[in-house]
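First the structure, in the form of structure tokens, and then the observations on it.
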Protein chains: 2
Amino acid sequence: MSESKAKGTKDARKVPMRDFSQSLPMALLRAREAVMRQFRPNLRAHGLTEQQWRILRALAAVDAIEVTELARVAFLLGPSLSRILRDLEARGLIARETDARDLRRGVLSISTKGLKLIAQVAPNSEAIYASIARRYGARKLAALHKMLDELEQSIGTDGETDVDADE
Amino acid sequence: MSESKAKGTKDARKVPMRDFSQSLPMALLRAREAVMRQFRPNLRAHGLTEQQWRILRALAAVDAIEVTELARVAFLLGPSLSRILRDLEARGLIARETDARDLRRGVLSISTKGLKLIAQVAPNSEAIYASIARRYGARKLAALHKMLDELEQSIGTDGETDVDADE
DNA sequence: GCCAGAAACTTAACATGTTAATCAACTGCC
DNA sequence: GGCAGTTGATTAACATGTTAAGTTTCTGGC
């Protein structure tokens, strides 16, 4: 019933490697997609993408913030951020000015219009999150967060994981 | 020293919502990125993207497979898959033919050249994975996999999570 | 055996991810 | 005080994510 539809499934393996079922990136991707599938419709209904929403939330949490720092906080690469900021500014959801001490730096802040939009989206978004927490278990969710953080730490710390390195 | 550089950080919150630190999608994204950052250089050195690698791996594990089934297995959307298959076929890494019984269906398989490429990439890739498993802990990694699967299950099962739904 | 509707892909259009290159502004050093 | 090197940010170019529309082929009912 749930067997693969591929022909010759039985021992058709041609290379010595883990199966997808043991792929960590895949597992993380699948889990994330399952979560995001819950949020996207709500965001889309308000004309927002996931990344735009991340930026608005980050801006709403502070008075003002520089572009580079925002990229770090919202976990976006510079080029993506540049494009999105251009759009959000054009839509009047954010405001930007230049740092007087360092003309290279851009300083961003959310607009009143942006805050209103957040107020419209947040409730439903929070409810969806609560639903996930309820179904998965709040305690378990906290444990998952902890394990993900630790994974990030154990990887980020040191090691290039370069096989040919002496170490 | 490590405090936020944003001005007025203290209680600058303007909206009632969770902080990013409690965002599940962000946590999953960060963890995944930390992992992928380890693999990407190796793949890129062989002219492969993450998704192209997923497809080759999936094809190497079977004799032949249909496009739709491959999309499911490699967790890619149809449009992305179409583009990637076009490129991989042009590079001679895969072969495709049409199902004689149903001319709509495309049947894919990996080529000898594709298998050779996998053989070149896989060892290093496996070593990187082993390094992650060693640093994070094999037992813990297995537990994380389990929790991610359960998260996916608890979300995927039923519920639209629509706040306005009666349920 | 024909035709409406479904199914399997593919194309299209727009947004983001990713790396490299560019550009303007700043910093340190001589 | 001027220039090499660095930094903050954007632009460029290509690949994928995402949703909608289009194409070809099947399938079922008449």
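Sequence lines set the chain letters: A, B, ... in the order given, protein chains first and strands last, and positions in each chain run from 1. Excluded from the calculations below are hydrogen atoms, water molecules and symmetry mates; all remaining heavy atoms, backbone and side chain alike, are included.
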| request: Give, for atom CG of Asp102(A) and atom CD of Glu66(A), the distance between the pair rounded to the nearest 0.5 Å. | output: 8.0 Å
| Leu103(A) CG to dC26(C) P, straight-line distance once rounded to whole Å | 4 Å
| note | Nearest-nucleotide check on DNA chain C, Phe75(A) vs Arg101(A); residue mapping nearer the 5' end is Phe75(A)
| request: Round to a whole Å and report the spacing from CG of Leu76(B) to P of dA8(C). | output: 18 Å
| task | Check whether any side-chain N or O of Ser154(A) sits under 3.5 Å from a backbone N or O of Arg135(B) as a donor-acceptor pair, and report yes or no. | result | no
| request: Would you mind reading off the distance between Leu48(A) atom CG and dT19(D) atom P, rounded to a whole angstrom? | output: 14 Å
| said: Between Ser109(A) and Asp63(A) (side chain of the first, backbone of the second, donor and acceptor by atom type, cut-off under 3.5 Å), is there such a pair? | reply: no
| Checking only heavy atoms, does the side chain of Arg83(A) share a donor-acceptor pair with the base of dG17(C) at less than 3.5 Å? | yes
| Within the structure, does a side-chain N or O atom of Thr68(B) lie under 4.0 Å from either OP1 or OP2 of dA7(C)? | no
| query | Rounded to the nearest Å, what distance is computed from the CD atom of residue Gln51(A) to the P atom of nucleotide dC14(C)? | reply | 18 Å
| field | Whichever of Ala100(A) and Leu29(B) has its nearest DNA chain C nucleotide further upstream toward 5' | value | Leu29(B)
| field | CA sep, side-chain torsions, deciding dist, call: Glu33(A), Arg30(A), salt bridge (Lys or Arg N to Asp or Glu O under 4.0 Å) | value | CA-CA 5 Å; Glu33(A) 180 53 30; Arg30(A) 295 178 65 93; over 6 Å; no
Please write out the pairs of protein N or O atoms and N or O atoms of nucleotides 1-7 of chain D separated by less than 3.5 Å, giving the distance to one decimal.
unit_1	atom_1	unit_2	atom_2	d
dT7(D)	O2	Arg104(A)	NH1	2.6

| task | May I ask you to evaluate whether Gln52(A) reaches the phosphate of dT16(C), defined as a side-chain N or O under 4.0 Å from OP1 or OP2? | result | yes
| query | Among the nucleotides dT10(C), dA25(C), dA15(C), which one has an atom lying closest to any side-chain atom of Thr49(A)? | reply | dA15(C)
| query | Where the side chain of Leu77(B) is concerned, which of dT16(D), dT10(C), dG17(D) is the nearest nucleotide? | reply | dG17(D)
| Could you state the CG-P distance from Leu70(B) to dT10(C), rounded to the nearest angstrom? | 11 Å
| message | Please pick, from dC9(C), dA9(D), dT19(D), the nucleotide with the shortest atom-to-atom distance to any side-chain atom of Pro79(B). | response | dT19(D)
| Selected nucleotide, minimal atom distance to Arg96(A) side chain, candidates dA8(C), dA9(D), dT16(C) | dA9(D)
| Nearest-Å distance, CZ (Arg40(B)) to P (dT16(D))? | 12 Å
| said: So, taking the atom named CG in Leu29(B) and the one named CD in Gln51(A), what distance separates them when rounded to the nearest 0.5 Å? | reply: 8.5 Å
| query | Taking the nucleotide of DNA chain D with the closest heavy atom to each, which residue, Leu81(A) or Arg54(B), is nearer the 5' end? | reply | Leu81(A)
| query | Which nucleotide in the list dT16(D), dA25(C), dA9(D) gets nearest to the side chain of Ser82(A)? | reply | dA9(D)
| dA9(D) P sits how many Å from Glu97(A) CD, rounded? | 13 Å
| task | Answer with base, sugar-phosphate or nothing: what part of the nucleic acid does Glu50(A) contact at a heavy-atom distance below 4.0 Å? | result | nothing
| task | Measure the CE-CG distance between Met147(B) and Leu148(A) for me, rounded to the nearest 0.5 Å. | result | 8.5 Å
| Protein-nucleotide distance (Asp87(B), atom CG; dC14(D), atom C1'), rounded to Å | 10 Å
| said: Quick check for you: to the nearest 0.5 Å, what is the distance between Arg32(B) atom CZ and Glu50(B) atom CD? | reply: 4.0 Å
| task | Could you pull out all residues at least two apart from Arg91(B) that satisfy salt bridge (Lys or Arg N to Asp or Glu O under 4.0 Å)? | result | none
| query | OP1 or OP2 of dT19(D) sitting under 4.0 Å from any side-chain N/O of Arg44(A)? | reply | no
